[in-house]
Enquirer: 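Quick one: this structure, given as structure tokens, is what I'll be asking you about.
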Amino acid sequence: MGDEISRADEPEKESQVVSSDWDRSAAGWIDGLGETGDYGRAFVLDPVMQERVRLGRYETALDIGCGEGRFTRWMQSQGLKVIGIDPTAALLDAARAKDPGGDYRSGVAERIGCADSTFDLVVSYLMLIDVADARAAIHEMARVLKPGGTLLIANLTSFNTSTAEHGSVRDENGAFLYYPVDRYLEERGQQVGWRNGAIAITNYHRPMKYYMQACLSAGLALTFFDEPTPVGGDQVKAGEYRRARYFLVMEWRKAG
């Protein structure tokens, strides 16, 4: 667990673009997220992600794209020894300020500067949509897993990301109707923004087969899959999340 994150190599050009987006958007992200996270985290993903971590009875974990450290801190509260990695300096500063005793390091998912077979658990919590080369990131996450270790992924569904350029279709009163799926098989980066422009970042759309094939080619076996349903919170918001699946959660296990 003492390995230092390598700083010898510069991130790839596309990764630099994504990192720059987050540098500009970090303040808006921190101001709007809070300790419980936004609706999707607090009421859709966290209930499943937290349950999977508890069931695994892990001791060591790596949180890739840890941001301001919200889920890293939660895993620490469950007794795990956790390293958080993120490329955005402002988010790491916020994580360290909230958790001075935590282990937060600068790094990118495509090149994790930790030794092979280091962690029981690697967490990718809504991170892969921000990564230009998600195949490289998945192979790196598999590399640092111990034999028998688990890669726990939360991601936007590919149906969701295929609609990002158009958004939802709503009626004359602004009520949600449906999402138009378009260019589903075309891998692409696309600008998305919210909170009145305080956050403007590049997300990547890829068909579901991209992630499945990348995990399989990394030697991982699928052991859990869910498209979680909202649990509590604002019922209008919950209704939208039930109409169209925003998220998926997968567990992949390394042989051994």
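Bear in mind that the values here come from a model prediction, so they are computed numbers and not experimental data.
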Enquirer: Would Arg52 and Thr150 count as a side-chain contact (heavy atoms from CB on, under 4.5 Å) if you check the C-alpha gap in whole Å, the side-chain angles of each, and the deciding distance to 0.1 Å?
Expert: CA-CA 10 Å; Arg52 301 313 301 178; Thr150 296; over 6 Å; no
Enquirer: Quick one: closest heavy-atom pair of Ser25 and Ile201, and the distance?
Expert: OG-CG2, 3.8 Å
Enquirer: Say whether Leu55 and Leu248 are linked into one hydrophobic cluster, either directly or through other cluster members, by side-chain heavy-atom distances under 4.5 angstrom.
Expert: no
Enquirer: Might you work through the side-chain contact (heavy atoms from CB on, under 4.5 Å) test for Trp252 and Leu216, ending with a clear yes or no?
Expert: CA-CA 9 Å; Trp252 293 83; Leu216 291 169; 3.8 Å; yes
Enquirer: Val144 versus Asp116: any side-chain heavy-atom pair under 4.5 Å?
Expert: no
Enquirer: Just checking Arg57: does its CZ atom have more than 12 heavy atoms from other residues, nucleotides or ligands closer to it than 6.0 angstrom?
Expert: no
Enquirer: Considering all heavy atoms of both residues, which atom of Asp21 and which atom of Ala200 are nearest to each other, and what is their separation?
Expert: CB-O, 3.7 Å
Enquirer: Kindly compute the distance separating OH (Tyr211) from OG (Ser124), expressed to the nearest 0.5 Å.
Expert: 9.0 Å
Enquirer: Is it the case that atom OH in Tyr178 sees more than 12 heavy atoms from other parts of the structure closer than 6.0 Å?
Expert: no
Enquirer: Could you give the distance from CG (Leu220) to CD1 (Ile138), rounded to the nearest 0.5 Å?
Expert: 8.5 Å
Enquirer: Kindly compute the distance separating CE (Met141) from CD (Glu110), expressed to the nearest 0.5 Å.
Expert: 9.5 Å
Enquirer: I want to check something: taking the side chain as every heavy atom from C-beta on, are Leu222 and Met212 in contact at a cut-off of under 4.5 Å?
Expert: yes
Enquirer: Answer yes or no: is there a side-chain heavy-atom contact under 4.5 Å between Leu156 and Phe247?
Expert: yes
Enquirer: So Val249 and Phe224, side-chain contact (heavy atoms from CB on, under 4.5 Å) or not? Walk me through it.
Expert: CA-CA 8 Å; Val249 175; Phe224 176 82; 4.0 Å; yes
Enquirer: Find the distance between CD (Glu240) and CG (Leu177) and round it off to the nearest 0.5 Å.
Expert: 10.0 Å
Enquirer: Considering only heavy atoms from C-beta outward, does the side chain of Leu91 approach that of Ile30 to under 4.5 Å?
Expert: yes
Enquirer: Which atoms form the tightest heavy-atom contact between Arg245 and Glu227, and what is the distance?
Expert: NE-O, 3.2 Å
Enquirer: If only atom types and distance count, is the side chain of Asn173 paired as donor or acceptor with the main-chain N or O of Ala175 below 3.5 Å?
Expert: no
Enquirer: Is the shortest distance from a Lys or Arg side-chain nitrogen in Glu140 or Arg143 to a carboxylate oxygen in the other one below 4.0 Å?
Expert: yes
Enquirer: Between Thr60 and Asp120, is there a donor-acceptor pair closer than 3.5 Å when you use the side chain of the first and the backbone of the second?
Expert: yes
Enquirer: Report yes or no: do Val48 and Ile129 belong to one cluster of Ile/Leu/Val/Met/Phe/Trp/Tyr joined by side chain heavy-atom distances under 4.5 Å?
Expert: yes
Enquirer: Taking the side chain from Lys254 and the backbone from Lys146, do they hold a donor-acceptor pair closer than 3.5 Å?
Expert: no
Enquirer: Which atoms form the tightest heavy-atom contact between Cys215 and Ile153, and what is the distance?
Expert: SG-CD1, 4.2 Å
Enquirer: For the side chain of Gln190 and the backbone of Thr161, is there at least one donor-acceptor N/O pair under 3.5 Å apart?
Expert: yes
Enquirer: Anything under 30° is parallel, anything over 60° is perpendicular, the rest tilted; go ahead and classify Tyr241 against Tyr246.
Expert: parallel
Enquirer: Roughly how far, to the nearest 0.5 Å, is the SG atom of Cys114 from the CZ atom of Phe119?
Expert: 4.0 Å
Enquirer: I'd like to know if the side chain of Ser158 and the backbone of Arg206 have a donor-acceptor N/O pair within less than 3.5 Å.
Expert: yes
Enquirer: In Å, rounded to the nearest 0.5 Å, how long is the span from CG of Asp86 to SG of Cys66?
Expert: 5.0 Å
Enquirer: Assess the side chains of His205 and Thr163: does a donor N or O sit below 3.5 Å from an acceptor N or O?
Expert: no
Enquirer: Is it the case that one hydrophobic cluster holds both Met127 and Ile83, taking links as side-chain heavy atoms less than 4.5 Å apart, direct or via other members?
Expert: yes
Enquirer: Mind checking whether Trp74 and Phe71 have parallel, tilted or perpendicular rings, split at 30° and 60°?
Expert: parallel
Enquirer: Is Leu45 linked to Leu80 within one hydrophobic cluster, defined over Ile, Leu, Val, Met, Phe, Trp and Tyr using a side-chain heavy-atom separation of less than 4.5 Å?
Expert: yes
Enquirer: When you look at Asp46 and Tyr125, which way does the side chain to side chain donor-acceptor pair (under 3.5 Å) test go after all the steps?
Expert: CA-CA 10 Å; Asp46 271 5; Tyr125 197 135; 2.6 Å; yes
Enquirer: How far apart are the closest heavy atoms of Arg41 and Asp38, and which atoms are they?
Expert: NH1-OD2, 2.8 Å
Enquirer: Would Tyr104 and Asp63 count as having a side-chain donor-acceptor pair, cut-off 3.5 Å?
Expert: no
Enquirer: Quick check: does any side chain N or O of Arg242 sit under 3.5 Å from a backbone N or O of Thr229, one acting as donor and the other as acceptor?
Expert: no
Enquirer: Could you tell me whether the side chain of Tyr39 reaches within less than 4.5 Å of the side chain of Val44, counting heavy atoms only?
Expert: yes
Enquirer: With side chains defined as the heavy atoms from C-beta onward, is the minimum distance between Leu121 and Val82 less than 4.5 Å?
Expert: no
Enquirer: Assess whether a salt bridge exists between Asp99 and Arg96, defined as any Lys/Arg side-chain N lying under 4.0 Å from an Asp/Glu carboxylate O.
Expert: no
Enquirer: Judged by atom type as modelled, is there a donor-acceptor pair below 3.5 Å linking the side chain of Tyr184 to the main-chain atoms of Met208?
Expert: yes
Enquirer: Are there more than 12 heavy atoms of other residues, nucleotides or ligands under 6.0 Å from atom CZ of Phe159?
Expert: no
Enquirer: Determine whether Ser217 and His139 make a side-chain contact, defined as any pair of heavy atoms from C-beta on separated by less than 4.5 Å.
Expert: yes
Enquirer: Any idea which heavy atoms bring Tyr210 and Asp133 closest together, and the distance?
Expert: OH-C, 4.2 Å
Enquirer: Please say yes or no: joined through hydrophobic side-chain contacts below 4.5 Å, possibly via intermediate residues, are Val231 and Leu126 part of one cluster?
Expert: no
Enquirer: Within the side chain of Arg73, is there an N or O that forms a donor-acceptor pair under 3.5 Å with the backbone of Lys98?
Expert: no
Enquirer: Below 4.5 Å, heavy atoms only, C-beta onward: do Glu51 and Asp226 meet side chain to side chain?
Expert: no
